Asks: 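Dumping the structure here so I can ask a few things about it.
Here the structure is a predicted model, which means the values were calculated and not measured.
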Amino acid sequence: MSHNNLKKKNLIVGAGFSGAVMAQKLADTLNEDVLVIDKAPNLAGACYDYDKNNIKIHKFGSHIFHTNYEYIWKYLNKFSKFNTYMHKNGALIDGISVTLPFNLNTINKIFPKIFASKLEYKLMNKYQYSAKIPIIDFKRKVFWDKDFDFLANYIYQNTFFNQAQKQWNSRSFEIEPDCVSKISVFISKDDRYYQDKFQGVPKDGYTKLIENILNHKNIKILTSTDYKDINIGSFDRIFYTGPIDEFFDYKYGVLEYRSAYFDFIDIDKEFYQLYGVMNYPNNYDFVKIHEFKHYMDKKTDNTIIAKEYVKDFILGENERFYPILNEKNIKIYKKYKNEAKKLDNIYFLGRLGDFKNYEIDKAIKRAFELFDAIKFREYSNADVDFRANDRIKANSALTGF
């Protein structure tokens, strides 16, 4: 690609965090023209939020920003102020409201005092304070302890197994071979769900944050616009954050996801529950209840909750939420990724483009790294791993850009 005085033109498909950050970097750092499109009528993708009854509602479930990457925190704070909210994730276990993951407070709430004290004493004697101990450590034959074995079984059954049956439709063991190894006991009284240095929720919401990121003279935005309706031949680069299998017309099959349905309910009381999210691993057919009012610094006499029901993703009927990362789907994804590597100047990123369950900061980090790789490639003749080309035909041309 020759360098001249003409601005390069970029098409970005998807106006979530991945697409918005990439657009801003191209427009601001490289002074290039960018067209951002999204099939939805709004910006912000899965983080889309809106106001109702003076409460900011997260349409697709709770999103709490957290990171240890200071440069990402500083970047986002250029576009929005954040509150100081630190998330606590509740769960109803044996009829008792506790916080997860399991910690010393949870143990003392759940179990009778004499047994809880015994467990706490043993844990404190064996492990360092603030350590996170995978429950599989309690199942090892060497130094086996019956109380630790009981604790491991209790946590597995009451916080993971039943929840996984609802979350993954009885396919919990197909998701990730090491999923059980991630279940831990926190030897601490820290009830926060995240221990990251930087945490919070944008004061004006995620949609406004994305709007601010995209507010640049070199960026044009078209919502309610399908990628197939764009004349891609007029662009120097394309960044695709949509489903990678859809891009290739499902030639190797449809990648599986779990979808979700949210039942929003107005409640005539100040608060409905103790925490912003309450999990119900062992009761009811919904997996959790979100109460969005916890995330903002506003006082109202009413509140709004959303019960989250998880179901299979069905193409053309509902939205993709949770990628099913089993062996079958990973093999299919690798085929699509290999197809992408054969192409030039189309780059796949984001939750759907990379087939990964990204946290917000990891999606932003991925966009930063891809941008830096492209810049390095073009200005030092280096190469990039995430390549594709413009062999896809458009149905109709876009004029005026």
Asks: For atom CD1 of Ile96, decide whether the heavy atoms of other residues, nucleotides or ligands shown that lie under 6.0 angstrom number more than 12.
Replies: yes
Asks: Is a salt bridge present between Lys335 and Glu339, judged by a nitrogen-to-oxygen distance below 4.0 Å?
Replies: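 Result for this pair is no, no salt bridge flagged.
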Asks: Is there side-chain contact between Lys132 and Tyr127, with heavy atoms separated by less than 4.5 Å?
Replies: no
Asks: Could you check whether Asn302 and Asp266, counting side-chain N and O atoms only, form a donor-acceptor pair closer than 3.5 Å?
Replies: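 Asp266 vs Asn302: no donor-acceptor pair found between side chains.
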Asks: Taking the six-membered ring for Trp, are Phe198 and Trp73 parallel (under 30°), tilted (30 to 60°) or perpendicular (over 60°)?
Replies: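 Judged by the thresholds at 30° and 60°, the geometry between Phe198 and Trp73 is parallel.
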Asks: Verify the neighbour count for atom NZ of Lys113: are there more than 12 heavy atoms of other residues, nucleotides or ligands below 6.0 Å?
Replies: no
Asks: I'd like to know if the side chain of Ser80 and the backbone of Leu209 have a donor-acceptor N/O pair within less than 3.5 Å.
Replies: no
Asks: Does the pair Asp28/Lys25 count as a salt bridge with the N-to-O cut at 4.0 Å?
Replies: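 Salt bridge flag = no for Lys25 with Asp28.
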Asks: Does the pair Lys166/Asp285 count as a salt bridge with the N-to-O cut at 4.0 Å?
Replies: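 Result for this pair is no, no salt bridge flagged.
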Asks: Can you label the angle between the Phe355 ring and the Tyr257 ring as parallel, tilted or perpendicular, going by 30° and 60°?
Replies: perpendicular
Asks: If you draw a 6.0 Å radius around NZ in Lys78, do more than 12 non-hydrogen atoms from other residues or ligands fall strictly inside?
Replies: yes
Asks: Compare every heavy atom of Asp191 with every heavy atom of Asn105, then report the nearest pair and how far apart it is.
Replies: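 Scanning both residues completely, I find the closest heavy atoms to be ND2-OD1, 3.2 Å.
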Asks: Within 45 degrees of the axis of the six-membered ring of Phe262 and under 6.0 Å from its centre: does Lys307 put its NZ or CZ there?
Replies: no
Asks: Please determine if Arg366 and Glu369 form a salt bridge, counting it only when a charged side-chain N lies under 4.0 Å from a carboxylate O.
Replies: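 Result for this pair is no, no salt bridge flagged.
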Asks: Does this structure show an ion pair linking Arg258 with Asp312, if we count only N-O contacts that are shorter than 4.0 Å?
Replies: yes
Asks: Of the non-hydrogen atoms in Leu352 and Thr241, which two are nearest, and what is the gap between them?
Replies: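 Closest heavy-atom pair between Leu352 and Thr241: CB-O, 3.6 Å.
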Asks: On a heavy-atom basis, which atom in Val185 and which in Leu151 lie closest, and how many Å separate them?
Replies: CG2-CD2, 4.4 Å
Asks: Salt-bridge test for Asp147 and Lys122: reply yes if a basic N is under 4.0 Å from a carboxylate O, no otherwise.
Replies: yes
Asks: Near Tyr284 OH, under 6.0 Å, is it more than 12 heavy atoms from other residues, nucleotides or ligands?
Replies: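 Atom OH in Tyr284 is not crowded, with 12 or fewer foreign heavy atoms closer than 6.0 Å.
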Asks: Please enumerate all residues that pass side-chain hydrogen bond (donor to acceptor under 3.5 Å, both in side chains) together with Asp361, with sequence neighbours excluded.
Replies: Thr67
Asks: What is the ring orientation for Phe271 with His294, classed by angle as parallel under 30°, tilted 30 to 60°, or perpendicular over 60°?
Replies: tilted
Asks: Measure up the Phe150 and Tyr154 rings against each other and bin them: parallel (under 30°), tilted (30 to 60°), perpendicular (over 60°).
Replies: tilted
Asks: When you compare the side chains of Glu256 and Tyr322, does any donor N or O come within less than 3.5 Å of an acceptor on the partner?
Replies: no
Asks: Any chance OH of Tyr129 has more than 12 other-residue heavy atoms, nucleotides or ligands included, within less than 6.0 Å?
Replies: yes
Asks: Please list, chain by chain and in numerical order, all residues satisfying side-chain contact (heavy atoms from CB on, under 4.5 Å) with Asp190, sequence neighbours excluded.
Replies: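 For Asp190, the residues satisfying side-chain contact (heavy atoms from CB on, under 4.5 Å) (neighbours in sequence not counted) are Phe186, Ser188, Arg192, Gln195.
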Asks: Quick one about Asn89 and Asn279 (side-chain donor to acceptor, distance below 3.5 Å, no hydrogens or angles considered), yes or no?
Replies: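 There is such a pair (donor and acceptor under 3.5 Å, judged by atom type) between the side chains of Asn279 and Asn89.
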Asks: Any non-hydrogen side-chain atom of Tyr333 less than 4.5 Å from a side-chain atom of Leu255?
Replies: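 Sidechains of Leu255 and Tyr333: in contact.
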Asks: What's the shortest heavy-atom distance between Gly61 and His290, and which atoms?
Replies: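 Distance-wise, the nearest heavy atoms are CA-CE1, 3.9 Å.
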Asks: Between Tyr280 and Phe286, is the ring centre distance below 6.0 Å?
Replies: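 When the ring centroids of Tyr280 and Phe286 are compared, they turn out to be within the sub-6.0 Å range.
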Asks: Does Lys293 use its side chain to pair, donor to acceptor, with the backbone of Thr300 at less than 3.5 Å?
Replies: yes
Asks: Tell me whether the rings of His58 and Phe292 are parallel (<30°), tilted (30 to 60°) or perpendicular (>60°).
Replies: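 Rings of His58 and Phe292: tilted, 30 to 60°.
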Asks: Side chains of Asn329 and Asn326 only: does a donor on one sit below 3.5 Å from an acceptor on the other?
Replies: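 A pair is found: one side chain offers a donor N or O, the other an acceptor, under 3.5 Å apart.
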Asks: Between Ile55 and Lys298, is there a side-chain heavy-atom distance shorter than 4.5 Å?
Replies: no
Asks: Answer yes or no: are there more than 12 heavy-atom neighbours, outside Asp301 itself, under 6.0 Å from its atom CG?
Replies: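 No, because the 6.0 Å sphere around CG of Asp301 holds 12 heavy atoms or fewer from other groups.
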Asks: If you take the centroid of each ring, where Trp contributes its six-membered ring, are Tyr336 and Phe348 closer together than 6.0 Å?
Replies: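 Not close enough - the centres of the two rings lie 6.0 Å or further apart.
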Asks: Is Thr207 reaching over with its side chain to a backbone N or O of Asp49, donor-acceptor style, under 3.5 angstrom?
Replies: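 Such a contact is found between Thr207 side chain and Asp49 backbone.
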Asks: Determine, step by step, whether Thr223 and Asn42 satisfy the side-chain contact (heavy atoms from CB on, under 4.5 Å) criterion, reporting the C-alpha distance in whole Å, the side-chain angles of both residues, the deciding distance to 0.1 Å, and the verdict.
Replies: CA-CA 6 Å; Thr223 54; Asn42 52 263; 5.9 Å; no
Asks: So, is the end of the Lys126 side chain (NZ or CZ) under 6.0 Å from the ring centre of Tyr121 and within 45° of the ring's axis?
Replies: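 So Lys126 doesn't make the cation-pi contact.
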Asks: Please determine if Asp33 and Lys220 form a salt bridge, counting it only when a charged side-chain N lies under 4.0 Å from a carboxylate O.
Replies: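 Salt bridge flag = no for Lys220 with Asp33.
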Asks: Any side-chain to backbone donor/acceptor pair from Glu291 onto Ile305? Under 3.5 Å, distance only.
Replies: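 Not at all, since once roles are kept as given, no pair shorter than 3.5 Å links the two residues.
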Asks: Counting only heavy atoms from other residues, nucleotides and ligands, does the tally under 6.0 Å from NZ of Lys139 exceed 12?
Replies: yes
Asks: Hey, do the aromatic rings of Phe17 and Phe65 have their centres closer than 6.0 Å?
Replies: no
Asks: Could you go through the ring pair (Phe, Tyr, Trp, His ring centres under 6.0 Å) check for Tyr240 and Tyr347 one step at a time?
Replies: CA-CA 6 Å; Tyr240 191 86; Tyr347 305 87; over 10 Å; no
Asks: Test salt bridge (Lys or Arg N to Asp or Glu O under 4.0 Å) on Glu359 and Lys362; report intermediate values, then the result.
Replies: CA-CA 5 Å; Glu359 298 279 2; Lys362 302 301 190 301; over 6 Å; no
Asks: Once you measure the plane-to-plane angle for His63 and Tyr206, does it fall in the parallel (<30°), tilted (30-60°) or perpendicular (>60°) bin?
Replies: perpendicular
Asks: Would you say CG of Asp268 has more than 12 non-hydrogen atoms from neighbouring residues, nucleotides or ligands within 6.0 angstrom?
Replies: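 It does not: Asp268 CG has 12 such atoms or fewer within range.
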Asks: I'd like to know if Lys39 and Glu246 make a salt bridge, using a cut-off of under 4.0 Å between side-chain N and carboxylate O.
Replies: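 Here Lys39 pairs with Glu246 in a salt bridge, since their nearest N and O are under 4.0 Å apart.
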